[in-house]
Number of protein chains: 2
Amino acid sequence: MEPAQRAVQERRRAGRPSQAVLSSARITKAALKLVSHSGYKGLTMAALAKSLNVAPSALYNHVHSKQDVLLLVEDHLMGRVDVSAFTDRPWVEAVSIWAHSYRNVFAAHLPLIPVIALLPVTNAPKTITMYEAVTNGFLAAGWPPSAIIDAIVALESFIYGSAYDANAPGNIFDTGTMAPAVPNFSAAVARRGLKSAETAGATARNDADAAFELGLAAMVAGLAATLT
Amino acid sequence: MEPAQRAVQERRRAGRPSQAVLSSARITKAALKLVSHSGYKGLTMAALAKSLNVAPSALYNHVHSKQDVLLLVEDHLMGRVDVSAFTDRPWVEAVSIWAHSYRNVFAAHLPLIPVIALLPVTNAPKTITMYEAVTNGFLAAGWPPSAIIDAIVALESFIYGSAYDANAPGNIFDTGTMAPAVPNFSAAVARRGLKSAETAGATARNDADAAFELGLAAMVAGLAATLT
DNA sequence: ATTCTAAATGAACATCATTCATTTAGTGAA
DNA sequence: TTCACTAAATGAATGATGTTCATTTAGAAT
């Protein structure tokens, strides 16, 4: 059998191969595929190595740690966040489109949120590019440069928290045996999302979506008000 | 030596002791002390057991998992969140006081955020009590019950994200070698927080605080506007 | 007296990320 | 050409950590 058609089961012999087997891009794609199949619980260095037909220790020639792998995945996913509206739509609409896209992408990748929120963007080119597009949208809308980053951070904070909330179970506010002790909260939970005349046209598909729409509209309106 | 004055080094012999050594309350307090001394990295079941002068396996007679320990700690900390303003202050001010307190408490306990955001409150009495107080404040301000939970969830989402951001390193937006490729973002980062005439009176102690104040004011104003 | 349950010990496990010695392939300098 | 150096692979070992299980002991219930 030709080396180029090496079967998955065959062992490669020790030593540097003529053609490099691994690369950041291959590791990123394999990690993403692994996550989509088995979730983040399935994303272990051993499983990642196996999916690349490589020994686990080989990965460490390309990344310093598993955190590095997560950063690669994070940056790749950031390319899926839709910033296109910042070039041709009004600021309020563009922010909404961006925020929805951003939340949707990372709601499916919760374990990356600490990575995005805490690690410098220095080695995340797609992330940096995303920020440039957003910044341009803010500038075009007349935002003073000194306030833009704070506004973006505020919106991102809400987006990250909303990504978590999108994964909350339906019974998250179940008060159980304490219900009689907290009647007003229990009643509010029971009435959550009941259509009123005003909200009859709303389109939220579930509770988490409704909370996200409400909070996003509020923050965007509040931020827009600080501009005038 | 009396059993009551047992030294830390002595081993207890196997078998059920006359007086129970462990309890949820003791485990909670020991976990909290451990975290305050060594952080969440230091909160291992082995270290927790050692601090209680107990074998690690003994903990599992009182909690099902480490997640359970985190839930105990989370609920205990929720008692530190200040909801007092909801009884005697205007809604806008009360929400601000509550949100600041909430963020400050959990910014020091980041690993608990997934626990709060994803686990049912059913076994977290202090958390439930906190929600009742907040709900009462919303009701007193004239909020319709059907909208209260969504509003609380939206605010909490922002608070959780802001707790993360409060732990971000100072160089989180360092674009490094990509700076020339993203000039507007880099400039906005450089100008972040520069005092303008309008913000000259602001009191933010650092960038994260400034973003939190901006976002909170925006969301509170936006939410208040939906009431009228 | 006997049985059952709760709560402790201590040993063992399984899972993981990570490190290290070793091997092999290419590259650049002497 | 030779030699040294670096890059990239293997495979074995390590250390940390959460968790389980058999066993022991104490008190409560039958």
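A, B, ... follow the sequence lines: proteins, then strands. Residue 1 opens every chain. Here the structure is a predicted model, which is why all the values come from computation and not from measurement.
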Mind calculating the distance between [atom1] ([X]) and [atom2] ([N]) to the nearest angstrom?
X       : N      : atom1 : atom2 : result
B:Ile27 : C:dA8  : CD1   : P     : 8 Å
A:Arg12 : D:dG11 : CZ    : P     : 10 Å
B:Leu52 : C:dT9  : CG    : P     : 10 Å
A:Gln67 : C:dT18 : CD    : P     : 9 Å

Set out, line by line, the N/O atom pairs under 3.5 Å between protein and nucleotides 5-7 of chain D.
from: D:dA7; atom 1: O4'; to: A:Arg16; atom 2: NH1; distance (Å): 3.4
from: D:dA7; atom 1: N3; to: A:Arg16; atom 2: NH1; distance (Å): 3.4

Is the ring pair [X]/[Y] parallel, tilted or perpendicular, if the boundaries are 30 and 60 degrees?
X        : Y        : value
A:Tyr164 : B:Tyr164 : parallel
B:Tyr160 : B:Tyr102 : perpendicular
B:Phe212 : B:Phe158 : parallel

Rounded distance (nearest 0.5 Å) linking atom CD1 of A:Ile149 with atom CG of B:Asp207: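 Rounded to the nearest 0.5 Å, the CD1-CG separation comes to 9.5 Å.
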
Would you say B:Trp98 and B:Leu155 make side-chain contact, with heavy atoms under 4.5 Å?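 Yes, side chains in contact.
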
Quick one: does B:Asn61 reach the base of C:dA8 with a side-chain donor-acceptor pair under 3.5 Å?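 Checked by distance alone, the answer is yes.
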
Examine distances only and state if a side-chain atom of A:Arg12 and a backbone atom of A:Asn53 form a donor-acceptor pair shorter than 3.5 Å.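 Yes; at least one donor-acceptor contact below 3.5 Å.
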
Could you tell me whether the phosphate oxygens of D:dT19, OP1 or OP2, come under 4.0 Å of any side-chain nitrogen or oxygen in B:His64?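 For B:His64, the contact criterion (side-chain N or O under 4.0 Å from OP1 or OP2 of D:dT19) is not met.
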
Does any residue of residues 36-49 of chain B have a heavy atom under 4.0 Å from DNA chain C, and if so, which ones, in number order?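 Residues of residues 36-49 of chain B under 4.0 Å from DNA chain C: none.
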
